[in-house]
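Please read all numbers here as calculations on a predicted model, not as lab measurements.
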Amino acid sequence: MMNRQRRSLTLVSLMLAVLLLLLSACSGGGSTQPQDQTGQQASGKKYKIATVVKLTGVAWFDRMNEGIKKFGEETGNETFMQGPQKADAALQVQIIEDLIAQKVDAITVVPFSAEALEPVLKKAREKGIVVITHEADGFENTDFNIEAFDNLDYGAFLMDSLAKSMGEQGEYMTTVGSLTTKSHMQWEEGAYKRQQEKYPNMKAVARKLETNDDQKTASEKFRETLKAYPNLKGFQGASGNDAAGAALAVEEMGLQGKVSVVGTSVPSVSKQYLDSGAMSMIGFWDPADAGYVMNKLAVMVLDGKKADIKEGANLGVKGYESIKVVNDKYLFGSAWVGVGKDNMNDYNF
């Protein structure tokens with residue numbers, strides 16, 4: 001009786017083993033790992049990724065932080081944002097030094113001064129930390145730099161909007177957050193080139209005035225330029241606070257309809273000025289999407305999928321579905337938006 005029971009148990013064990021082998025063979029041709037939005041298999045490994053921005057406490061980077069948090073929540077990676085309370089390259093460098101000491105897996109950066117950050121980000125990469133930059137086209141010490149669009153084309157778009165509002169004639173001025181912020185400089189240069197080629201009756205009387213990404217400073221620069229050039233008819237600002245600063249001055253001086261203001265901003269900052277007529281149009285890309293994409297690129301590099309970041313790649317975010325790649329590591333989407341009084345309520349940030 002005991003021998004028969006043992007033979008039965010042995011037979012059952014053999015049958016179970018065969019069944020398991022059959023199931024394994026049937027599933028061997030496919031993967032059980034989840035896939036991300038680019039169709040790539042997720043490694044399952046989680047990383048610590050820091051995003052360092054130009055400054056905190058402003059609407060633009062508050063919105064970017066939403067995308068950073070969203071990426072972390074969706075993927076399980078530890079993602080967070082840091083930045084100085086004022087736009088200062090030295091303070092950014094110190095934050096990055098601290099992150100290097102913490103041995104984070106990746107640092108994504110929106111540099112205030114590209115040149116100032118080159119040495120510290122070189123150090124980060126030498127320590128094995130992945131570096132992704134944004135608003136730093138041409139930056140050397142990065143694995144990839146991602147832009148929402150071609151910067152010269154975006155500048156031309158802003159100029160077309162300013163020219164339309166000015167009736168394609170008159171004097172205008174331009175501002176940038178910093179002369180070392182490459183994206184701001186490229187937007188301004190793209191705008192000026194478009195004006196020279198297409199709008200001969202317009203004239204730049206002051207170019208590339210620095211505002212340090214500060215609304216009050218932008219307002220002061222506008223007032224100073226208007227005093228020097230009382231026939232000023234237009235303003236184009238690069239920093240997210242520049243156009244709002246100029247529009248505030250336009251409102252306070254009662255110049256609606258006399259001076260046109262355009263620039264990069266977000267609706268939450270500029271809605272009141274668009275509504276009052278102190279501002280004609282704002283251009284922007286969604287900083288939340290940029291924050292999300294920077295972190296996604298960092299994980300792709302960390303997962304050994306650098307080769308998948310190529311011409312035409314779909315990063316799974318609107319405006320970044322078919323990226324352009326220049327010199328292997330400079331990436332461009334097509335994600336700009338133009339907003340005026342008529343469509344400002346379509347955006348809630």
**Report entry** Min side-chain heavy-atom separation Gln186-Glu147 under 4.5 Å
**Finding:** no
Query - Nearest non-hydrogen partners of Glu135 and Trp187, listed with the distance - result: OE1-CH2, 4.4 Å
Requested in this report: Assess the side chains of Thr211 and Asp242: does a donor N or O sit below 3.5 Å from an acceptor N or O?
Outcome: yes
Query raised in the report: Quick check: are there more than 12 heavy atoms from other residues, nucleotides or ligands sitting under 6.0 Å from NZ of Lys69?
Result: no
Query raised in the report: Is it true that Trp285 and Trp60 have ring centroids separated by less than 6.0 Å?
Result: yes
Report task. Run the ring-centre check on Phe349 versus Phe284 and record whether the distance is less than 6.0 Å. Result -> yes
Requested in this report: Please name the residue in the list Thr56, Val93, Val53, Leu91 that meets the side chain to side chain contact (heavy atoms under 4.5 Å, CB included) test with Pro84.
Outcome: Leu91
**Report entry** Closest contact, heavy atoms only, Lys182 versus Asp137
**Finding:** CD-O, 3.2 Å
Query raised in the report: Which is it for Asp160 and Arg194 under the salt bridge (charged side-chain N to carboxylate O under 4.0 Å, His left out) test, yes or no, and what are the steps along the way?
Result: CA-CA 8 Å; Asp160 287 340; Arg194 176 60 64 92; 2.6 Å; yes
Report summary line: Checking Glu188, Arg207, Gln195 against Thr174 for side chain to side chain donor-acceptor pair (under 3.5 Å), the one that qualifies is Glu188
Query - Lys/Arg cation over aromatic Phe332: Lys324, 6.0 Å, 45° cone - result: yes
Query raised in the report: After noting the C-alpha distance and the side-chain angles of Lys227 and Glu224, does the key distance pass the salt bridge (charged side-chain N to carboxylate O under 4.0 Å, His left out) rule?
Result: CA-CA 5 Å; Lys227 185 176 180 180; Glu224 291 169 2; over 6 Å; no
